[in-house]
Amino acid sequence: MSAGRWSGVPLAVRCVVAVAVLVFAYGTAVHVVQLLLPQFGPQLALPGWLAFYFTSLTLWDPLAALLLAARRVQGLVLGCAVLVTDAAANGYANYVLDPAGGVTPGRIGQAVITALAVGLVALSPWLAPWFAGSRSRGGTPVQKRRRS
């Protein structure tokens with residue numbers, strides 16, 4: 001996150017976006033490793049549509065990270081969509097397809113992804129005005145100050 005693109009943005013907003021970028025970078029690494037080294041992937045036989053979705057995250061995770069880092073509102077929207085659908089897909093894989101009972105590593109991971117999804121969705125109205133191209137409330141707070 002370059003200082004110029006993020007100048008005038010509160011530290012709290014920068015920190016939340018930085019954490020989101022790191023989450024998507026981590027997700028990218030996990031999905032690439034699972035794709036290249038199947039022994040580290042899910043130990044379940046996944047339906048084709050679910051395997052395709054998890055594979056597609058090797059594209060969507062880094063794209064969300066890059067758009068967020070570039071301070072584009074599209075990154076915020078994509079990030080929310082990726083986390084919500086990832087939580088749902090992992091929920092299906094871990095609660096419908098996995099016959100194991102109780103707490104499993106996959107279910108813990110699904111809970112973490114769900115918490116991240118809820119967090120980003122909940123914070124989006126607060127974050128959106130600070131992103132370029134945001135139409136909420138007539139532009140970003142920085143743009144409003146410049147017009148005054």
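Since this is a predicted model, take the numbers as computed values, not measurements. Computation of the quantities below employed the complete heavy-atom set of this structure, encompassing side-chain atoms and omitting hydrogens, waters and symmetry-equivalent molecules.
With values rounded to the nearest 0.5 angstrom, Tyr53 atom OH is found 8.0 Å from Asn90 atom CG. The OH atom of Tyr92 sits 5.5 Å away from atom CH2 of Trp49, with the distance rounded to the nearest 0.5 Å. Here CG of Leu57 is found 11.5 Å from CG of Leu63. Values are rounded to the nearest 0.5 Å. In this structure, the separation between CG on Leu68 and CG on Leu22 is 11.0 Å, given to the nearest 0.5 Å. One finds the OG1 atom of Thr58 at 6.0 Å from the CG atom of Leu35 (value rounded to the nearest 0.5 Å). Taken to the nearest 0.5 Å, the OG1 atom of Thr85 stands 10.0 Å off from the CH2 atom of Trp60.
Between Phe24 and Leu83 there is a side-chain heavy-atom pair separated by less than 4.5 Å.
In this structure, Ala65 and Ala25 approach most closely via the heavy-atom pair CB-N, 4.5 Å. Closest of all the heavy-atom pairs between Gly79 and Leu120 is C-CD2, 3.7 Å. Here the closest non-hydrogen pair linking Leu50 and Ala89 is CD1-CB, 3.6 Å. Residues Asn94 and Gln110 approach most closely at ND2-CB, 4.2 Å, considering heavy atoms.
Looking at Trp6, its side chain does come within 3.5 Å of a backbone N or O of Ala69 through a donor-acceptor pair. One N or O on the side chain of Arg71 and one on the backbone of Trp130 form a donor-acceptor pair closer than 3.5 Å.
Aromatic ring pairs are classed by plane angle as parallel below 30°, tilted from 30° to 60° and perpendicular above 60°; the pair His31 and Phe54 is parallel.
A single hydrophobic cluster is seen to contain both Leu123 and Val13, as judged by linkage of ILVMFWY side chains at heavy-atom distances under 4.5 Å, directly or through other members. In the hydrophobic clustering of this structure, Val82 groups with Val19; members are Ile, Leu, Val, Met, Phe, Trp, Tyr whose side-chain heavy atoms approach within less than 4.5 Å, directly or through other members. Under the 4.5 Å side-chain heavy-atom criterion for Ile, Leu, Val, Met, Phe, Trp and Tyr, Leu46 and Val96 are members of the same hydrophobic cluster. Hydrophobic cluster membership differs between Val118 and Tyr95, with clusters built from Ile, Leu, Val, Met, Phe, Trp and Tyr side chains linked at under 4.5 angstrom. Neither Leu127 nor Leu66 shares a network with the other; the hydrophobic side chains, linked directly or stepwise wherever heavy atoms of I, L, V, M, F, W or Y lie under 4.5 Å apart, form separate groups for each.
For the pairing with Val84, the side chain to side chain contact (heavy atoms under 4.5 Å, CB included) check across Val121, Thr114, Leu116 returns one residue only, Val121.
By the neighbour-count criterion of 12 heavy atoms within 6.0 Å, atom OH of Tyr26 is sparsely surrounded, having that number or fewer from other residues, nucleotides or ligands.
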